[in-house]
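Report on one structure; see the data block that follows.
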2 protein chains.
Amino acid sequence: MTRDLTTDPTPNPTTDPTPDLTPLLAPEGVVVIGASRQAGKLGAAMARSLAAFPGARALVNARRPDPEQGVYATVADAAAHTDGRLDLAVLCVPAPGCADALAEAAAAGCRAALVCAGGFGEAGPEGEEHADALCRVARETGVRLLGPNTSGFFAPHLGLTASFVPAAGQLPAGDIAVVAASGGVNHALSFDLVAAGNGISIGVGIGAGLDVSAADVLEHLAHDGRTTAVALHLETVPDGRRLVAAVRRVAEAKPVVALVVGRSDVGDFARSHTGALATSWRTTRAALSQAGAVVVDDERELVDALTALSRVRLRPQPDPGLGIVTAQAGPGLLLADRAGTDGIRMPELTGATRGTLAGLLPPLTYQSNPVDTGRPAETFARVLGTTAADPQVDLLAVYALTEPDSVDLASAAQDAGLGADSPAVVVVGGLPEDVTDQRARLHKAGIPALTGPASAANAVRALVTDARQRALGEAEDGPFPGWASATGGAVSASDGHPPESSAPAVPVPPGPLDEDAAKAYLTELGIRTPPRVACDSRADAHAALRQLGGPVAVKVLDAAILHKTEIGGVHLGVRTPEELDAALDAVGTGRRYLVEAMAPAGVDLVLGVRRDPVFGPVVLAGLGGTAAEALADVAIRLAPLSVAEAAGMPDDLAARALLDGWRGGPVLDRAEFGRVVAALAAALAANPHTAEIEINPLRLTADGLTALDAVIVPMTEENDHA
Amino acid sequence: MTRDLTTDPTPNPTTDPTPDLTPLLAPEGVVVIGASRQAGKLGAAMARSLAAFPGARALVNARRPDPEQGVYATVADAAAHTDGRLDLAVLCVPAPGCADALAEAAAAGCRAALVCAGGFGEAGPEGEEHADALCRVARETGVRLLGPNTSGFFAPHLGLTASFVPAAGQLPAGDIAVVAASGGVNHALSFDLVAAGNGISIGVGIGAGLDVSAADVLEHLAHDGRTTAVALHLETVPDGRRLVAAVRRVAEAKPVVALVVGRSDVGDFARSHTGALATSWRTTRAALSQAGAVVVDDERELVDALTALSRVRLRPQPDPGLGIVTAQAGPGLLLADRAGTDGIRMPELTGATRGTLAGLLPPLTYQSNPVDTGRPAETFARVLGTTAADPQVDLLAVYALTEPDSVDLASAAQDAGLGADSPAVVVVGGLPEDVTDQRARLHKAGIPALTGPASAANAVRALVTDARQRALGEAEDGPFPGWASATGGAVSASDGHPPESSAPAVPVPPGPLDEDAAKAYLTELGIRTPPRVACDSRADAHAALRQLGGPVAVKVLDAAILHKTEIGGVHLGVRTPEELDAALDAVGTGRRYLVEAMAPAGVDLVLGVRRDPVFGPVVLAGLGGTAAEALADVAIRLAPLSVAEAAGMPDDLAARALLDGWRGGPVLDRAEFGRVVAALAAALAANPHTAEIEINPLRLTADGLTALDAVIVPMTEENDHA
């Protein structure tokens, strides 16, 4: 159902760094090619949808022209008889006719086109030919092309509905933009957003994306004053770095909420070695988060996130505090339980706040956080205002069942000053006919209205995630400045690739490296390794044992052997010359050996940097052991990255408790971890001839992090995806 | 915000095994004590809500009686002047007056009461006194008491709204019952269910539950012909076995969907040893699942599950196949992705089905599973019917955006015969005004209508979970018949405790047992252990090494030592007499030793049975290693249990891939695992003087399961919760 993202042979025909999509998304005039009067036909549905467009309009039907009714035989005819410029051609013809129709439209002055039909890349060699022909015309004429395989787009504030789904024309104008891989999802998300009380600035279904991609539309939206927040739905990513650059650009100005398809393929991906733990789905989500998008799990969470983020945004901060005020204990507990599960901080209220609340509420109510008011009374607005004003509270979540005879909740929220300057999310529960008006009034006041505890918890998580990610973007860089801060607005969008690190690059020696050479390289990066001696003979090994003292590890030293343990090439805890001889016997004669001091016990991590075919250099970090691996419990970031960004990776791990003094064990110094990761990531980014560096295990001990084994894989034809 | 479930000192005043809640939930007449005319007062809101009740009604206000207006000075007066029996007294008086008011009501013939007020158990010693007084009156009079601390209940088909939330009176009658720990959640869930197109048979908020508990209401619902499905919300569980018995009784006849609060406490619970991995939240969810309830994560999932399960139910089967038909590829992909993530099987369609579909759909559409129809045409109903009729398809999920000019989806679904005999869930996407009618028509035809891919995926998961759990209940028992099948309908609800296993109980020897004795006991249960020799001297140990051959494990043998490894009491891989001497030296002189053959490498599990303070004997199974432990990746069941139930436990584990041939390793025989677990569970259930049995590790090797270490903890005063 999706095109493979790595093998799409179609190049993006434009190289314009800020492609102007105005003729496509905000045209002066529209012409429908293949317009029809036959109900049920695409060309009829599209003509009807576009009939409401207030700009220039024309229909083309080569076989049944009817100029009196505005139906012309050719686009040139249509253009000649139409006031204003026909920027956009909507092609309602089958795949084999599209290239010619596009050429005709371009010749008549159209600068953009929408192709809804299927029958291109997904339809075998013949379809591929149609796709190639279409791309060729687009490239030669400079016409920007949306589609094929999409139900189109809509821009309600322009009265423009280039979609064959009739209800699309009823979508109210508003400030949320939808950019969806699928035309159907574009419509579904837009309908859902509207059902939740929002309006749409523009909604675009990318479809096959032969020309215009999600990144193109995002670039356009970065400068679109009507849009305050963006919904992004992705199935495949043709150019990871370009997409990430576009998301970053938009997210700097307005929130982006992203839904990525492809989780259920995860079973395929959970294979041996850290590299295999990376999946397109995981990597895409990680890359989007790193670029500043709020990544969600399903379309409902997307709607909740945007209902909130299109209205309020917390100031950038690493750990915002949530205050909860609830008129009913049970739903408030559901909300607090979910927020706690999500890792949202719910601070104690200050003594001053509690003192004020004590004067506002009956004595038996719970006046901590959550504040449980009991049935809301006339003091409800002051309870909201007091709690929101607590210096520990950065975001207020309010739950109340509507009880018209006790308090008007929308007025109370406004009286409390909730809104942009006092961020809050408000749930008004009740029957649909009772709550619709309350929710609309809250929205009018700029206060996000949610539908229940889960919905509010989604909104809270989105607001907090957004604040945390922006705080990270603002964080000071460590010694290995990463992409986030190094790029700012300076990266050209033409390729979206980050600049190389400004730290002096440490070159990786050429050719395959043995463990000793790999560790020497890590030492140059400032990553600690155990004391060791590379030995050319048994005598050297005995000398090394005397020098290092016991216990030592004895390993075969050979760049050609990647899995030393499996062939009996690793012997641990060797203390005496006799044990050493036994170990050397087992490794085999005529070998080189590495004799290395044993590291103290601790917690093993796995850290790797490699080149993702879609996103380029990526870092992967996880815990050692088969359970962590089976669970694919791995944190991923694009490389290079800042120390601050890298320092946050351990907190992505489900089993992170093991790194925080589990059973009296060592506590991971996040800054030290960040420095190690950033150094490794910068090294890969700076060494184009290196495919992969893996430290497995990277051991956390009471003394910090030590690399116990390391592999550096040079680039070969086989692993070169560049 | 919740009462601690283990220390609630208030006994349930009734011992009636099938308590008759008819006077409470379906009274002939209702009297409001403390009725008021002052708007905003509880007594006024309640009087207004009950004004619509068509049975006998009376109001009591001792200070301002007004018999002309139906307001009497006493309950006796009210009863004397009212046609029909006043079964139910609704107490709208503060906590200190409730006991006297209840006594007055009982004396006047009331047989049930609702107490909404707070100020009881949660309000310190004085409140506890009020609670005790209230319970005493209830016990002495036999009046059944709902509350306190609840906003009440409603039974729309009776016109009975014993709630002070005004909108509760507008809830449409229907077939879903709500049983909620919290009055607020009772209302919130009911409103949400109605917003999704459902009606309510009855909604009850348990509140503090001094008398009537969730289990009582469930027993009542088991016999309620109006209710076809039940929503259950739990915060605390006063009597785990009684609740489980009630859930089981209801679930045998109609679906129960359960939402349990308390997940965010999980950080507190994830401690060392399997015992500590059990949490009230996890155990409660596990117990409810085992009893046949569909356990959900939030209130939206609950609504989706009930929207489906109140209309259709799959036949019991271990792994139903899902077919998907979608008119838009993108939303269908979202649904398929979620279903795949949830472990729902999406079978290949048969050749015959695909042949038929090829004749119904345009050539370029995707005609596998999912079936992607493109814009629905007049063949849509036949596409639905053909796919639903595929022998591989047990459940059909349909997605389509509403397009009135292409096809009428509700009619197509009906024409296809979807409904009770052809289970399906249908999403009609679009603007609210366009889809409301379609959804209502689908519901009228008995076809669950959902709101989007996530909503449909929740419904699919619920239907499949229900079918799987019922299949398990029907499964043949192994040699250790468990509770599920042993109880049937025969268990008296008076205590809800399961009968002891019918397998002959193997008595645990008295007193603390050392590892050798513990393993001897496991052998009696049919659980394999490695060959071993208990040694009283070093000479015995040397003889044992000669007898067993190397390598062996050498361990200190002492029932008083629970953590042998931590004190240097375990030495592995001992091969020679010299190594044995070194090991014996390290263990210490004057000790008893266990010399045991080393087991082959494999995957380590942890298996324990213990007594939960709420639910009694429970089994816990997880993978060995700190990562699994940190993640609290554990499967829980109540004991005793059937071999079939136990065999399903490994599939609850997130890291279950490790048990299925991970990297060429051994594959767990589920039946063997089930026999081991069922034997251990039956042993604990049959030995009341044993507190806990733990096998850690239970090693999976190519030869099957072997217990490498075992601890049997006798009951002491400290760990006796009975």
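Any value given below was found using the heavy atoms of this structure, including those in side chains, with hydrogens, waters and symmetry copies removed. Convention: sequence-line order gives letters A, B, ...; per-chain numbering from 1.
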Inset, instruction - Output all residues satisfying side chain to side chain contact (heavy atoms under 4.5 Å, CB included) with B:N458, sequence neighbours left out; order by chain, then residue number. - result: A:R300, B:E301, B:D304, B:R338, B:R461
Inset, instruction - Find out whether B:F191 and A:V435 are in side-chain contact, i.e. whether some heavy atom of one side chain is under 4.5 Å from a heavy atom of the other. - result: no
Legend entry - Any side-chain heavy-atom pair of A:S182 and B:Q328 under 4.5 Å: no
Interchain contact, [X] with chain B, by part (heavy-atom threshold 4.5 Å):
X	value
A:V261	both
A:Y399	side chain
A:L401	side chain
A:P453	both

Which pair of non-hydrogen atoms, one from [X] and one from [Y], has the smallest distance, and what is that distance?
X	Y	result
B:D434	A:A167	OD2-CB, 3.4 Å
A:A627	B:A628	CB-N, 4.3 Å
B:A630	A:A657	CB-CB, 4.4 Å
B:S264	A:A336	OG-O, 4.4 Å

Inset, instruction - Mark yes when over 12 heavy atoms from residues, nucleotides or ligands other than B:Q170 sit less than 6.0 Å from its CD; otherwise mark no. - result: yes
Going from [atom1] on [X] to [atom2] on [Y], what distance comes out if it is rounded to the nearest 0.5 angstrom?
X	Y	atom1	atom2	result
B:S455	A:D298	OG	CG	10.0 Å
A:R375	B:F164	CZ	CZ	5.5 Å
A:R263	B:D337	CZ	CG	8.5 Å

Is chain A contacted by the side chain of [X], its backbone, both, or neither, given a heavy-atom distance below 4.5 Å?
X	value
B:R656	neither
B:P432	side chain
B:A181	neither

Legend entry - Which of A:G430, A:G452, A:G124, A:A44 touches chain B most, by non-hydrogen pairs under 4.5 Å: A:G430
Inset, instruction - For each of A:G119, A:G127, A:S368, A:A188, tally heavy-atom pairs with chain B at distances under 4.5 Å, and name the one with the top tally. - result: A:A188
Inset, instruction - Verify, without hydrogens or angle tests, whether A:E299 (side chain) and B:A454 (backbone) share a donor-acceptor contact under 3.5 angstrom. - result: yes
Inset, instruction - Could you tell me whether the side chain of A:E403 and the main chain of B:P166 form a donor-acceptor pair under 3.5 Å? - result: no
Legend entry - Option that, when pairs with chain A are counted at under 4.5 Å, heavy atom only, ranks first among B:L42, B:T451, B:L334, B:L259: B:L334
Inset, instruction - Specify which of B:G429, B:P331, B:G340 makes the most heavy-atom pairs with chain A at under 4.5 Å. - result: B:P331
